[in-house]
Structures are given as structure tokens and as C-alpha cells.
Amino acid sequence: MTPTTERREIVVGVDPDQDGHPALDWAADEALRRRLALRLVVAVPPAHDTQHVDDSPRHTARIAAARDALRTAEDGVRARAPEAEVSAAVVDGVPARVLAALSAEAALVVLGSRRLSRVEEFLSLGSLVVPVTAQARCPVVVVGDDAERTVEDPPYLVVGVDGSPSSRAAVALAFEEADVRGCALRAVAVREPSLFARHPGGTALDAERGLLAESTAGGVREHPDVPVTHEVLTGSPVERLADAAQHALAVIVGRRGQGGYSGMHVGSVVHGLLHRAPCPVITVPAR
């Protein structure tokens with residue numbers, strides 16, 4: 001995977017059916033922080049052409065709605081980040097496939113979230129979050145409507161650590177994000193309790209602490225100004241990470257593998273955080 005720092009564009013998926021202001025604001029701010037260009041995209045599925053149904057009128061209406069949504073999104077981004085380089089396009093194609101393809105050369109893909117339940121997410125044709133997260137070849141940022149959420153002062157990011165290649169990539173991005181934001185980083189490992197453990201903690205706890213120290217050592221050397229804390233928590237990884245990120249700027253986790261187009265193969269922790277985390281969720285594939 002091309003390193004994030006070598007990619008010069010943030011791709012934002014604009015959904016005409018939802019209020020995308022939080023995601024657009026996040027992307028605009030990130031573009032300024034990292035001096036990256038913004039590419040706003042609305043993908044319109046192709047019309048269905050059958051002997052029994054003429055889908056042309058509905059398809060034409062979708063294109064008109066896409067153009068309106070894109071115009072509104074572009075105006076909002078230019079108002080918030082007038083110095084940023086911004087491009088916008090309506091693209092023909094299945095939205096999740098279009099955005100997954102664009103991720104191959106992007107630094108980040110940013111999406112808004114309607115906070116659908118898992119069943120709603122699976123049944124919704126317009127849902128992008130899970131399939132794009134599963135297929136993207138760059139980090140994906142999912143931003144919900146968190147207007148009423150409070151961010152702790154001083155601000156911090158949370159990164160989940162488990163020692164996997166994708167976790168190492170997540171840690172590297174977390175240090176980059178903390179550095180450009182001037183905030184602290186909380187590195188969190190979560191141990192699921194064992195029913196057969198006679199002595200909770202002990203050797204296992206020491207091993208987790210060692211994992212955290214080893215996983216963050218490179219980031220500490222490269223970003224010495226970033227304050228880092230290490231935490232080993234016990235319980236459900238989804239619940240503990242969501243709790244730790246309650247007042248965070250974002251939670252960052254690794255994503256293993258590439259899922260199929262259904263987008264359901266993102267791993268239980270990633271899938272859980274996409275629905276449970278109270279802050280933006282950044283998922284990172286292995287480099």
C-alpha cells in the first residue's frame with residue numbers, strides 16, 4: 001500500500017440522502033492540516049434497463065439530486081477551507097465500488113454515517129460505510145453526527161493495539177494524526193477475560209504492557225512531541241475502546257484483510273465500533 005504521506009488527495013463520499021456536514025467539515029479541516037487536496041464524489045448507480053421497467057426518469061432524478069448535493073457540499077467546503085484545492089464530480093457506478101476504486105490512490109476516504117443498525121445497514125442499498133471500509137486500500141474515516149458530543153480538554157486520540165500488521169499501521173497513522181493536531185495519544189490494548197484464568201493479570205498483563213511499549217516505540221521516536229499513555233483494559237474490545245473514546249477526537253483501529261463486495265468482512269471489532277463509537281472512527285488496512 002502506498003504510504004499515506006505520498007498520497008495527495010482526500011476523497012469524500014457525498015450522499016444526497018443524508019446531511020453530510022460533519023464528514024465534510026472533518027475532511028476540510030484534515031485537508032488544511034495535511035495540505036492535501038479534496039475530491040468530492042457522488043456516485044449514481046446505473047439505470048435498470050429491462051423489458052418491463054423504464055428506470056430512465058428515476059435515474060435522471062438521481063443525477064439531478066446528486067448534482068444539487070455536490071454543489072451544496074462544494075460550497076460548504078470552500079467556505080470552511082477557502083485555501084484548500086477542491087474538485088467535485090458526479091460519477092456513474094455503484095457507490096461503494098466507485099469509492100473503493102478511488103481509495104487505491106487516496107490518502108483517506110471520508111464518509112458520513114447514518115448510524116444504521118446492523119440489519120438496516122445490510123438492507124440499505126445506499127449504505128456505504130461497511131462495504132467501503134471493507135474494500136478500501138487506504139484509511140477510511142467514518143464521521144457521525146456528533147454535534148452534541150463534548151471533546152475532552154486537553155484533546156486526545158485513541159488507538160487500539162493488538163500487535164497485528166494492521167494494528168501497526170493504525171499506530172503509525174495515530175501518531176501522524178496526533179502530531180498534526182498537537183494532541184495526546186492513548187494507546188489501548190484490551191484483554192478479553194478468560195473463564196479459566198486462575199490469576200487474572202500477572203504474566204498476561206505484563207505481556208500486554210510489553211506489546212504496547214513495543215508497538216508505540218517507533219512512533220515515539222518519530223514524533224517525540226506527542227504525549228503517549230499506555231492502557232491495558234479488560235472486557236469486550238468494542239465496549240472498552242468505545243468507552244475510552246467517549247470524549248476523544250477519534251478512535252483509530254486496524255482492519256484485517258479485504259472483504260467481499262457485501263462488505264460484511266471487516267471484523268467484529270471494526271464493525272462494532274462503526275456502530276458504537278461516539279466519535280469518528282478511522283480504520284487502517286495493513287501496509
Side-chain angles (χ1 to χ4, degrees), residues 4-5 10 21-36 80-81 83-84 107-108 110 112-113 115 139-162 167-191 205 208-254 269-270 272-274 276-284:
T4 300
T5 52
I10 296 174
H21 283 94
L24 289 165
D25 290 349
W26 195 100
D29 294 345
E30 186 74 357
L32 292 180
R33 281 190 291 264
R34 290 181 171 269
R35 299 182 181 178
L36 298 175
R80 187 176 183 93
E83 313 96 297
L108 299 168
V110 180
S113 172
R115 296 295 186 188
V140 176
V141 185
V142 177
V143 184
D145 183 3
D146 56 357
E148 297 182 0
R149 193 178 67 87
T150 58
V151 174
E152 189 171 297
D153 189 22
Y156 66 95
L157 295 165
V158 170
V159 60
V161 180
D162 65 10
S167 173
R168 289 194 290 272
V171 170
L173 181 62
F175 271 98
E176 289 179 20
E177 283 290 322
D179 205 348
V180 297
R181 292 165 180 267
C183 72
L185 180 62
R186 293 173 62 182
V188 177
V190 182
R191 297 175 56 246
L205 186 59
E208 294 289 352
R209 288 171 176 160
L211 172 65
L212 283 171
E214 179 183 355
S215 298
T216 58
V220 169
R221 287 193 299 270
E222 293 182 18
H223 305 276
D225 294 332
V226 174
V228 185
T229 59
H230 296 162
E231 301 173 43
V232 179
L233 307 177
T234 301
S236 159
V238 173
E239 292 180 3
R240 296 287 78 78
L241 286 170
D243 289 345
Q246 187 67 38
H247 301 292
L249 293 170
V251 58
I252 305 169
V253 290
V269 173
V270 170
L273 285 174
L274 289 174
R276 292 281 302 279
C279 62
V281 177
I282 305 176
T283 59
V284 187

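The structure presented is a predicted model; accordingly, all values stated were derived computationally and were not measured.
- Surrounding CZ of R33 are more than 12 heavy atoms belonging to other residues, nucleotides or ligands, all under 6.0 Å away.
- A side-chain contact (heavy atoms from CB on, under 4.5 Å) with L241 holds for exactly one of I252, V190, V281, L233; it is V190.
- More than 12 heavy atoms of other residues, nucleotides or ligands shown are found within 6.0 angstrom of NE2 on H230.
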Next on the checklist: Test side-chain contact (heavy atoms from CB on, under 4.5 Å) on V158 and Y156; report intermediate values, then the result.
Outcome noted: CA-CA 7 Å; V158 170; Y156 66 95; 3.5 Å; yes

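- Of the inter-residue distances, the one linking E208 atom CD with E231 atom CD reads 13.0 Å to the nearest 0.5 angstrom.
- The two residues A184 and A178 come nearest to each other via the heavy atoms O-CB, 4.4 Å.
- Using a 4.5 Å heavy-atom threshold, the side chains of L205 and R209 count as touching.
- Nearest approach of V161 to S215, heavy atoms of both residues: CG1-OG, 3.5 Å.
- If you take CG on L36 and CD1 on I10, they are separated by 4.5 Å, rounding to the nearest 0.5 Å.
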side-chain contact (heavy atoms from CB on, under 4.5 Å) evaluation trace for R181 with L249: CA-CA 10 Å; R181 292 165 180 267; L249 293 170; 4.0 Å; yes

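- Contact check for L185 versus H223: no side-chain heavy atoms found under the 4.5 Å cut-off.
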message: Show, in sequence, the C-alpha distance, side-chain angles and deciding distance for I282 and V251, and conclude whether the side-chain contact (heavy atoms from CB on, under 4.5 Å) test is met.
response: CA-CA 6 Å; I282 305 176; V251 58; over 6 Å; no

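- Between R186 and V159 there is no side-chain heavy-atom pair separated by less than 4.5 Å.
- Of the inter-residue distances, the one linking D179 atom CG with E176 atom CD reads 9.0 Å to the nearest 0.5 angstrom.
- At distances below 3.5 Å, at least one donor-acceptor pair connects side-chain atoms of S167 with backbone N or O atoms of D162.
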Could you give me the CA-CA distance, side-chain angles and deciding distance for H247 and V151, then say whether side-chain contact (heavy atoms from CB on, under 4.5 Å) is met? CA-CA 5 Å; H247 301 292; V151 174; 5.8 Å; no

